[in-house]
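Notes follow once the structure below has been shown.
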Amino acid sequence: MAQSSNPDVETDIVTLTRFILQSQTEKEKETQVTGDFTLLLNSLQFAFKFIAHNIRRATLVNLLGLSGSANSTGDDQKKLDVIGDDIFINAMKASGKVKVLVSEEQEDLIVFSGNGRYAVVCDPIDGSSNLDAGVSVGTIFGVYRLPEDSSGSIKDVLRPGKELVAAGYTMYGASANLLLSTGNGLNGFTLDNALGEFILTHPNLKIPEYRAIYSVNEGNSMYWSDQAKAYFESLKFPESGKPYSARYIGSMVADVHRTILYGGIFAYPADKKSKKGKLRLLYEGFPMAYIIEQAGGHAINDYGERILDLVPTEIHERSGVWLGSSGEIEKAKKFLCA
């Protein structure tokens with residue numbers, strides 16, 4: 001990268017659009033990196049920027065609080081949930097490249113007219129219960145390439161996560177951070193509000209193999225399986241060495257973001273209260289598992305099965321989720337499969 005004559009100002013920056021175009025040129029054999037995909041990425045960028053704009057001004061224009069309804073999975077909807085969902089639907093429709101859209105906020109999938117060749121799955125605003133407290137929330141998304149003979153149906157998304165061609169999330173906090181993978185590693189971008197562009201700030205992210213940090217809602221521990229209880233007890237009361245540090249925010253995007261940067265393990269196991277798990281497989285579990293693996297980590301369910309190998313039977317299917325540093329997941333797997 002060329003350096004500016006002023007050492008304090010970098011003038012040859014890599015924007016997300018430039019990054020994707022360069023990837024397209026360098027990896028023409030990768031079918032997921034096409035002109036159509038670049039246009040879809042631009043529409044996704046617009047949705048992230050629009051949502052970030054609304055979150056920044058939410059308190060000023062009374063966008064916090066409940067909207068008075070519940071979404072398809074029974075969660076109370078915040079006003080920003082509804083706005084974020086509308087933004088995503090309109091952006092994907094306007095792109096002309098999306099045929100099928102699945103959103104946490106919609107009971108059924110949406111099929112657009114036109115010749116779109118992609119299916120997008122998303123949680124428009126994950127962690128919205130924390131919005132009133134100013135805690136970081138985010139958008140989680142995954143992209144499937146449609147079969148050539150598809151006219152748009154539920155079969156296009158009831159597929160294993162390993163068939164995703166792209167996935168990532170945008171975290172809205174002190175800054176808007178986008179983590180994206182198109183199957184060739186994981187890269188991080190930060191929104192420059194002055195330029196209105198996502199700038200490459202964390203190239204080729206790799207999660208540490210081991211780190212003594214765990215992230216889980218211990219308020220649910222009385223409902224956990226004996227295997228899960230035994231695992232977390234082993235972290236807090238080790239036979240030798242120091243106990244693990246606990247770090248839990250309660251917003252999946254924020255917890256996973258920290259886990260990718262620092263290492264450790266994030267878990268949301270199924271329990272007696274949520275027998276199938278709390279997190280939705282298609283638009284939470286799959287995208288997060290995809291990017292964790294692209295960063296060198298592992299992601300499994302409560303039975304030690306690779307999450308990306310699972311095949312959902314309905315669009316809002318839930319699953320227990322364990323993801324993070326490869327070494328830490330392997331330790332957990334020994335307890336879960338005991």
Side-chain angles (χ1 to χ4, degrees), residues 73-75 104 123 126-127 129-130 140 160-161 207-260 262-293 295-313 316-338:
T73 56
D75 298 328
E104 181 194 12
D123 184 348
D126 174 76
S129 62
N130 288 317
I140 308 172
I207 185 171
E209 185 177 0
Y210 293 96
R211 190 68 186 273
I213 300 174
Y214 72 95
S215 177
V216 68
N217 184 355
E218 293 200 75
N220 292 327
S221 59
M222 70 176 289
Y223 304 111
W224 289 343
S225 68
D226 291 340
Q227 292 92 332
K229 288 179 181 177
Y231 168 68
F232 287 110
E233 284 297 300
S234 76
L235 303 186
K236 293 185 287 185
F237 303 98
E239 294 181 359
S240 62
K242 296 181 179 180
Y244 277 45
S245 296
R247 299 285 186 272
Y248 183 69
I249 299 169
S251 172
M252 186 186 189
V253 168
D255 280 309
V256 172
H257 189 70
R258 185 202 54 250
T259 301
I260 289 173
Y262 302 154
I265 185 169
F266 167 82
Y268 210 121
D271 54 39
K272 295 174 184 175
K273 188 172 57 173
S274 301
K275 291 185 168 66
K276 293 185 177 180
K278 179 72 172 177
L279 299 178
R280 271 65 58 142
L281 188 61
L282 188 59
Y283 43 80
E284 291 175 326
F286 279 171
M288 291 305 200
Y290 186 90
I291 63 175
I292 282 285
E293 287 199 4
H298 291 170
I300 60 175
N301 65 5
D302 295 300
Y303 307 101
E305 300 167 322
R306 182 190 181 212
I307 284 180
L308 292 182
D309 287 336
L310 304 178
V311 182
T313 58
H316 298 297
E317 185 169 325
R318 299 175 187 262
S319 174
V321 172
W322 304 68
L323 55 79
S325 299
S326 58
E328 302 300 337
I329 293 298
E330 289 305 309
K331 288 181 184 179
K333 195 172 180 179
K334 292 177 182 178
F335 285 84
L336 296 176
C337 298

Residues 225-232, side-chain donor-acceptor partners within the protein, below 3.5 Å, at least two apart:
unit_1	atom_1	unit_2	atom_2	d
Ser225	OG	Ala228	N	3.1

- Query: Which residue pairs satisfy the salt bridge (charged side-chain N to carboxylate O under 4.0 Å, His left out) criterion with at least one member in residues 303-312, sequence neighbours excluded?
  - Reply: Lys162-Asp309, Glu293-Arg306, Arg306-Asp309
- Message: Suppose we screen for side chain to side chain contact (heavy atoms under 4.5 Å, CB included). Which residues come up paired with Pro208, at least two apart in sequence or across chains?
- Response: none
- CG-OG1 distance between Leu310 and Thr313, expressed to the nearest 0.5 angstrom: 11.0 Å
- Query: Which pairs count as salt bridge (charged side-chain N to carboxylate O under 4.0 Å, His left out) when at least one residue sits in residues 235-255, sequence neighbours excluded?
  - Reply: Glu218-Lys236, Glu233-Lys236, Asp255-Arg258
- Taken to the nearest 0.5 Å, the spacing of Ile300 CD1 from Leu323 CG works out to 9.5 Å
- Out of curiosity, Glu284 CD to Asp126 CG, how far, rounded to the nearest 0.5 Å? 5.5 Å
Indicate every side-chain donor-acceptor pair of residues 263-277 with a distance under 3.5 Å to a residue at least two apart or in another chain.
unit_1	atom_1	unit_2	atom_2	d
Asp271	OD1	Lys273	N	2.9
Asp271	OD1	Ser274	N	2.6
Lys273	NZ	Asn220	OD1	3.0
Lys275	NZ	Lys272	O	3.3

- Note on the structure: Between Asp302 and Gly320 the two heavy atoms that sit nearest each other are OD2-CA, 3.1 Å
- Query: Does OH in Tyr262 sit with more than 12 non-hydrogen atoms of other residues, nucleotides or ligands closer than 6.0 Å?
  - Reply: no
- Task: Kindly write out the residues that satisfy ring-ring contact (aromatic ring centres under 6.0 Å, His included) with His257, not counting sequence neighbours, or none if the list is empty.
- Result: Tyr169
- Kindly indicate whether the side chain of Tyr248, heavy atoms from C-beta on, has any atom under 4.5 Å from the side chain of Ser215. yes
- Task: May I have the step-by-step check of side chain to side chain contact (heavy atoms under 4.5 Å, CB included) for Ile307 and Leu281, ending in yes or no?
- Result: CA-CA 8 Å; Ile307 284 180; Leu281 188 61; 4.0 Å; yes
- Query: Minimum heavy-atom separation for Gly127 to Ser251, with atom names?
  - Reply: CA-OG, 4.1 Å
List, one per line, each side-chain donor-acceptor pair under 3.5 Å for residues 327-338, sequence neighbours excluded.
unit_1	atom_1	unit_2	atom_2	d
Glu328	OE1	Tyr244	OH	2.7
Glu328	OE2	Arg211	N	3.0
Glu328	OE2	Tyr244	OH	3.4
Glu330	OE2	His298	ND1	3.3
Lys331	NZ	Tyr244	OH	2.9

- Would a 4.5 Å heavy-atom cut-off, applied to side chains only, mark Thr259 and Ile207 as touching? yes
- Query: Arg318 side chain to Arg280 main-chain N or O, any donor-acceptor pair under 3.5 Å?
  - Reply: no
- Message: If you compare all heavy atoms of Leu308 against all heavy atoms of Ala289, which two are closest, and at what distance to 0.1 Å?
- Response: CD2-CB, 3.8 Å
- Query: Going through the checks in order, is the side chain to side chain contact (heavy atoms under 4.5 Å, CB included) test met by Glu209 and Ser326?
  - Reply: CA-CA 5 Å; Glu209 185 177 0; Ser326 58; 3.4 Å; yes
- Message: Minimum heavy-atom separation for Met252 and Met288, please, with both atom names.
- Response: CE-CG, 3.5 Å
- Closest heavy-atom pair and its distance - Ala254, Ile249: CB-CD1, 3.6 Å
- Task: Return the minimal non-hydrogen interatomic distance between Asn301 and Ser319, and the atom names on each side.
- Result: CB-OG, 3.8 Å
